[in-house]
Amino acid sequence: MNNVNMRDNEELKTSISFIEQFITDDLKDGKNEGKVVTRFPPEPNGYLHIGHAKAICLDFGMAKKYGGKCNLRFDDTNPVKEEVEYIDSIKEDIHWLGFDWDDREYYASDYFGKLYDFATGLITRGLAYVDDQPADLISAQKGTPSQPGTESPYRNRPVNENIDLFERMNKGDFDEGSRVLKAKVDMTSPNMHMRDPIIYRIIKSPHHRTAGKWKVYPMYDFAHGQSDYFEGVTHSLCTLEFEVHRPLYDWFIDQLKEDDYRPRQIEFNRLNLTYTMMSKRKLLELVREGKVRGWDDPRMPTLCGLRRRGYTPEAIKRFVDLIGYTKVEAINDVSLLEHAIREDLNMRAPRVFGVLNPLKVIITNYPEGKVEDVELINNPEDETMGSRFVPFSREVYIEQDDFIEDPPNKFFRLAPGKEVRLKGAYIIKCEGFKKSELSGAIEEIYCTYDPDTKSGGKASDKKVKGTLHWVSSQHAVDAEVRLYDRLFSHEDPSGQKEDDYRKFLNPDSLKILTGCKVEPSLSAAKPLEKFQFQRLGYFCVDYDSTESKLVFNRTVPLRDTWGKINK
RNA sequence: UGUCCCGUGGUGUAAUUGGCAACACGUCUGAUUCUGGAUCAGAAGAGUUCAGGUUCGAAACCUGACGGGACAACCA
């Protein structure tokens with residue numbers, strides 16, 4: 001699909017998501033004084049992944065589309081799991097995607113004071129109490145989804161006693177786990193979250209922003225909706241699993257609000273990708289256990305991993321746009337993501353020659369020592385990218401796969417007696433080859449070239465079926481190429497009850513090729529620069545790359561209909 | 001045995017809010033090509049989980065089944 005068609009499609013796209021429907025309805029009803037405020041609320045306990053990109057595109061996208069604002073708010077209510085390192089990476093990744101929050105950078109920890117006061121107010125109104133029971137007892141009293149809970153013996157503790165205990169909890173008078181503050185809602189509610197939820201617990205680890213100021217920290221349910229309220233958020237968009245939390249979200253807002261305004265929680269489906277695992281906790285395990293080379297390992301679904309792999313923000317946003325927002329728990333095919341990056345890179349990646357598994361071809365009738373600079377188009381999809389000159393000589397490397405001694409039917413490449421074009425240069429004919437007697441491996445190919453067939457020349461209209469990429473051996477630059485395949489061999493690696501996801505790790509997810517040969521124009525390539533290695537795929541310079549040693553990551557191979565036929 | 005959410009080609013989404021199911025990915029043909037890519041033309045593939053009901057007319061509304069998911073962390 002070219003650019004023009006893409007634009008047409010977007011214009012033709014008339015449907016809007018159910019979320020957007022809610023927003024436009026609210027606007028029509030004159031709610032929130034016609035304002036739209038959203039927020040993206042990551043917990044700084046890990047790196048952002050492509051699932052977050054889906055949320056980011058929605059949160060920032062809706063705000064932008066309706067002339068509103070989107071806040072970045074770090075949901076940092078649990079100091080034991082959170083680190084500054086993550087805050088920095090999250091900001092970097094959002095910016096990389098192309099979104100910005102200006103000065104609206106907030107932290108749930110900014111509201112610790114307000115939340116504490118609100119909790120105290122609830123106590124005063126008899127709507128919260130300190131529970132001295134151990135965790136397992138409190139949990140047992142909650143009942144089960146099908147059985148109602150029972151009330152804590154501390155449920156009707158006097159207000160002043162609750163106030164005193166809560167204050168002392170925060171001073172550090174009590175051990176972690178010894179007491180909690182709970183909201184007094186309804187122990188018999190069919191919704192588990194309404195059964196006197198814990199709203200504060202004692203944590204003595206220092207917080208990355210407030211250090212040792214607090215000994216008591218609010219739970220998610222007690223912080224999120226209220227933070228939305230404090231910030232004037234109108235539409236609080238989150239994933240489906242928070243649906244059952246909504247009554248509690250609303251309950252707290254009911255206790256808090258002093259006017260007509262209230263934030264509205266709307267839930268959409270989380271992104272699931274085949275052969276991919278999105279759980280931050282499990283991704284962290286992969287990193288810690290050394291199953292991958294870090295958060296930005298190009299096999300990771302993290303934004304930094306995808307970036308290193310060679311993905312562009314445009315492709316990710318395009319992908320997100322294609323999958324949509326619904327309430328159906330869907331599993332998206334990775335091939336759609338791959339389609340998105342191919343579509344993008346096809347338009348913008350310069351074409352180059354790179355030989356992954358070199359096989360030397362000697363053109364016996366080509367003068368020794370002669371070098372011709374042949375002109376090659378940088379990108380047939382985009383004339384403005386111009387052309388470049390690539391040296392051609394008597395000895396070139398081609399891909400080992402491009403020669404077969406005894407070829408199958410319809411094999412258009414090189415074989416004894418067969419002719420192919422070396423792209424941009426000449427048509428050559430295979431006259432012979434050298435084979436290792438020991439291993440049977442092909443060591444060299446001997447060809448002759450037809451001087452009348454130079455590309456662009458007058459007599460160059462001779463047709464051959466196959467065209468090969470090549471690199472002049474004396475001019476070739478050495479490179480390491482890292483080939484990536486899916487990290488897991490199972491479509492849904494973390495969804496198997498019986499089996500741990502580690503069982504499905506694909507042992508061939510990374511292949512490192514060290515003897516690769518690339519054309520000399522690549523010698524100055526810098527990390528993150530993207531290319532199409534012709535006939536092979538899209539490649540991106542890795543951070544490990546240096547002037548003396550080039551390293552490329554394969555982002556995604558080209559579609560390969562021939563490879564499919566021959567499987 | 002509870003509450004809430006969801007069921008549309010293989011996959012993901014649409015269906016102008018009740019007017020005889022569309023698009024994208026994928027798959028398969030053919031054309032074209034100095035990338036077995038891209039591009040172009042085309043094909044196959046669902047009668048909307050099922051059964052009732054309302055209606056001139058239902059994927060959509062109602063009822064009931066069936067199937068899937070979420071909820072019992074002092075995580076978010």
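The figures that follow rest on heavy atoms only: side chains count, while hydrogens, waters and symmetry mates do not. Throughout, protein chains are lettered first and strands after them, A, B, ... in sequence-line order, and every chain is numbered starting at 1.
A cation-pi arrangement is present between A:R486 and A:Y275, with the terminal nitrogen or guanidinium carbon under 6.0 Å from the aromatic centre and inside a 45° cone about the axis.
When the C1' atom is compared between B:A44 and B:G10, the two are found 12 Å apart, to the nearest whole Å. Taking atom P in both B:U1 and B:C66, the straight-line distance is 11 Å, to the nearest Å. Atom C1' of B:U48 sits at a distance of 15 Å from the matching atom of B:C61, rounded to the whole Å. B:A60 and B:G53 have their C1' atoms separated by 15 Å, given to the nearest Å. Here the separation of B:G7 from B:U13, taken at their C1' atoms, is 14 Å to the nearest Å.
Ring centroids of A:Y229 and A:F252 are separated by 6.0 Å or more, keeping the two rings apart.
Stacking here means ring centres nearer than 5.5 Å and ring planes tilted less than 30 degrees, and by that measure A:Y220 does not stack onto B:A76.
By the neighbour-count criterion of 12 heavy atoms within 6.0 Å, atom CZ of A:R270 is sparsely surrounded, having that number or fewer from other residues, nucleotides or ligands.
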Worksheet entry | Residue pair A:D196, A:R155: steps toward the salt bridge (Lys or Arg N to Asp or Glu O under 4.0 Å) verdict | CA-CA 9 Å; A:D196 287 12; A:R155 198 170 197 262; 2.7 Å; yes
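At the phosphate of B:A70, neither OP1 nor OP2 sits under 4.0 Å from any side-chain N or O atom of A:N269.
Within the shown strands, nothing qualifies as a pairing partner of B:G47 under the Watson-Crick or G-U definition with both distances less than 3.5 Å.
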What N/O pairs connect the protein and nucleotides 45-49 of chain B at under 3.5 Å? Give each pair on its own line.
none

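The two residues A:K423 and A:Q534 make their nearest non-hydrogen contact at CE-OE1, 3.0 Å.
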